[in-house]
> 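Quick one: this structure, given as structure tokens, is what I'll be asking you about.
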Amino acid sequence: MPLKLPEYQAFSHQIIKWYRENPRDLPWRNSSDPYKIWLSEIILQQTRVAQGLPYYYAFTQAYPTVKDLALAPESEVLRLWQGLGYYSRARNLHFCAKFIWHELEGKFPTRYDELIKLKGVGSYTAAAISSFAFGEVKAVVDGNVFRVLARYFGIETDIASSKGKKEFETLANELIPADTPGEFNQAMMDFGARLCTPKNPDCTNCPIKSSCFAFQHQLVGSLPVKINKVKIKERSLNYLVIRCGTDWVWKKRGAGDIWEGLYDFPSEEISQQGGLLSEDPKPFPKKYRHLLSHQKLEAKFSEVEIPINNREKLAQWCENKGFELVAENEIEYLAKPKLIVNFLTDQGF
DNA sequence: AAGTCGGGGAT
DNA sequence: ATCCCAGACTT
């Protein structure tokens, strides 16, 4: 049963009132620079504020403007993104910066319909940028908004379905006030992040519990409904750590798999090195388990020492295989998956 | 509509 | 262990 307009206004008013008394102090707020807002939104996709904060500082310091980001090499951008995950975000970020600098005369798009055309900018991020930076009346719908709306209005639609996404976006856009859209969006997310949390929400101190459907019907623990269908595959990686003097053999990972654009080692059945190996690889004792959102990795590393007089042969082999010889003191500048960083740390790097 | 893409914190 | 985080893209 749809609520009447006055009740919508009451909800929005209460949310904003709560927000004005309980705002999070975040560095990208009170900035109307669309570049910095865009940067923060990309960093925060599927990422907690606490985890993203140090990356936001690193990026704004390294690249204060979209021009600085556009003129940086992708390798450097990925290295700065190292450890944050979902690396396509960093590649798309860099692509967009170049596009904006070279094709749009450095001028950031201002409207939702234009912003959503940018790589890596979906409905959430386009609404966030357009409302925060330009005051456009577009409601953000992130995990927080799903949760607050599902509970308050008692909506049982699966939030992972496209039907659910559409339904919640429609509702949020009916709720958002035309005079303070950005503030309402911030308020919804802060309310969900600090009070209406996934586990143990602070219903006792909730200013709208008396009209919250979930609270009144003991459904807080079962809303929102999210049908998860991620199947986790197990996968084993056998890495060869090939060294020749102070040079290491590295492989830049390609498309169609995890960690695209990042560096790790040659793996699997490199059993036929064409007589390059004088002796068998020596396995490192430790096995590494690494969890991704949809893969359970078990990695083993083996050490291969190439005699220095075979360096030319090794270099030729790398050339053929698409591997790269990297000097030991350059390794820190490669963007690497956390798994590889963990391994290197254990080796004293 | 379903599958893919990281890493970490809270419970 | 499980869930979820200021989601988006590809198939």
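Side-chain atoms are counted along with the backbone in the values below, which use heavy atoms only and exclude waters and symmetry mates. Chain letters run A, B, ... following the sequence lines, proteins first, then strands; residues in each count from 1.
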> Which word best sums up how the rings of Phe59(A) and Trp81(A) line up, parallel for under 30°, tilted for 30 to 60°, or perpendicular for over 60°?
perpendicular
> Ignoring hydrogens and geometry, is there a side-chain-to-backbone donor-acceptor pair from His217(A) to Cys212(A) under 3.5 Å?
no
> Could you pick out which residue, Leu262(A) or Lys163(A), lies toward the 5' side of DNA chain B when each is mapped onto its nearest nucleotide?
Lys163(A)
> Hey, is the side chain of Arg24(A) pairing donor to acceptor with the base of dA6(C) inside 3.5 Å?
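Flag set: donor-acceptor pair detected.
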> Could you work out which one of dA8(C), dT4(B), dG6(B) sits closest to the side chain of Lys233(A)?
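Closest nucleotide among those given: dT4(B).
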> In this structure, how many angstroms lie between the C1' atom of dA6(C) and the CG atom of Leu84(A), rounded?
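So the two atoms are 13 Å apart, to the nearest Å.
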> Could you give the distance separating dA8(C) and dG9(B) at their P atoms, to the nearest angstrom?
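Going atom to atom, P in each nucleotide, I get 23 Å.
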> Will you find, in the side chains of Asn342(A) and Tyr288(A), an N or O donor that is under 3.5 Å from an N or O acceptor?
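Asn342(A) vs Tyr288(A): no donor-acceptor pair found between side chains.
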> Identify whether any heavy atom of Thr125(A) sits under 4.0 Å from a base atom; if not, whether one sits that close to sugar-phosphate; answer base, sugar-phosphate or nothing.
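Thr125(A): backbone/sugar contact only, no base atoms under 4.0 Å.
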> If you go through the side-chain atoms of Thr47(A), does one of them form a donor-acceptor pair with the base of dG6(B) closer than 3.5 Å?
yes
> Let me know, please, whether Lys338(A) or Ser161(A) comes out on the 5' side of the other along DNA chain B by nearest nucleotide.
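The residue closer to the strand's 5' end, by nearest nucleotide, is Ser161(A).
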> Report the distance from atom OH of Tyr56(A) to atom P of dA6(C), rounded to the nearest whole Å.
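Rounded to the whole Å, the gap is 17 Å.
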> Using modelled atom types only, decide if a donor and an acceptor are shared between the side chain of Glu136(A) and the backbone of Tyr112(A) within a distance under 3.5 Å.
yes
> Is there, by distance only and without an angle test, a donor paired with an acceptor across the side chain of Arg89(A) and the base of dC5(B) below 3.5 Å?
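Such a pair does not exist between side chain and base.
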> Should the pair Phe99(A) and Phe95(A) be assigned to parallel (<30°), tilted (30 to 60°) or perpendicular (>60°) ring geometry?
parallel
> Rounded to whole angstroms, how far apart are OH on Tyr86(A) and C1' on dA6(C)?
14 Å
> Expressed as a whole number of Å, how far does the P atom of dG6(B) sit from that of dT11(C)?
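Roughly 15 Å separates the two P atoms.
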> Quick check: any donor-acceptor pair below 3.5 Å linking the side-chain of Gln51(A) to the base of dG7(B)?
yes
> Can you tell me how far P in dA6(C) sits from the matching atom in dT11(B), rounded to whole Å?
14 Å
> Under 4.5 Å between any side-chain heavy atoms of Leu334(A) and Arg79(A), yes or no?
no
> Contact class for Gly83(A) (heavy atom, under 4.0 Å): base, sugar-phosphate, or nothing?
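Counting heavy atoms under 4.0 Å across all strands, the contact made by Gly83(A) is with sugar-phosphate only.
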> Rounded to the Å, how far apart are Leu93(A) CG and dA8(C) C1'?
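Atom CG in Leu93(A) sits about 14 Å away from atom C1' in dA8(C).
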> For the pair made of NE2 in His294(A) and P in dA2(B), what is the distance, rounded to whole Å?
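Those two atoms, NE2 and P, are 18 Å apart.
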> Just to be sure I understand the rule, does Trp28(A) reach a base, reach only the sugar-phosphate, or reach nothing, if contact means heavy atoms closer than 4.0 Å?
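Result for Trp28(A) = base.
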> Just the rounded figure in Å: distance from C1' of dC5(B) to CD of Gln82(A).
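To the nearest whole Å, that distance equals 17 Å.
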> Just the rounded figure in Å: distance from C1' of dG7(B) to CD of Gln295(A).
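Checked: the CD to C1' distance equals 14 Å.
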> Please tell me which of Pro198(A) and Gln46(A) maps to the more 5' nucleotide of DNA chain C, matching each residue to the nucleotide holding its nearest heavy atom.
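Result of the comparison: Pro198(A).
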> Here's a test of your reading of the structure: between Arg48(A) and Asn92(A), which maps to the more 5' nucleotide of DNA chain C?
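Final value for this comparison: Arg48(A).
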> Does dT11(B) have its OP1 or OP2 closer than 4.0 Å to a side-chain nitrogen or oxygen of Lys199(A)?
no
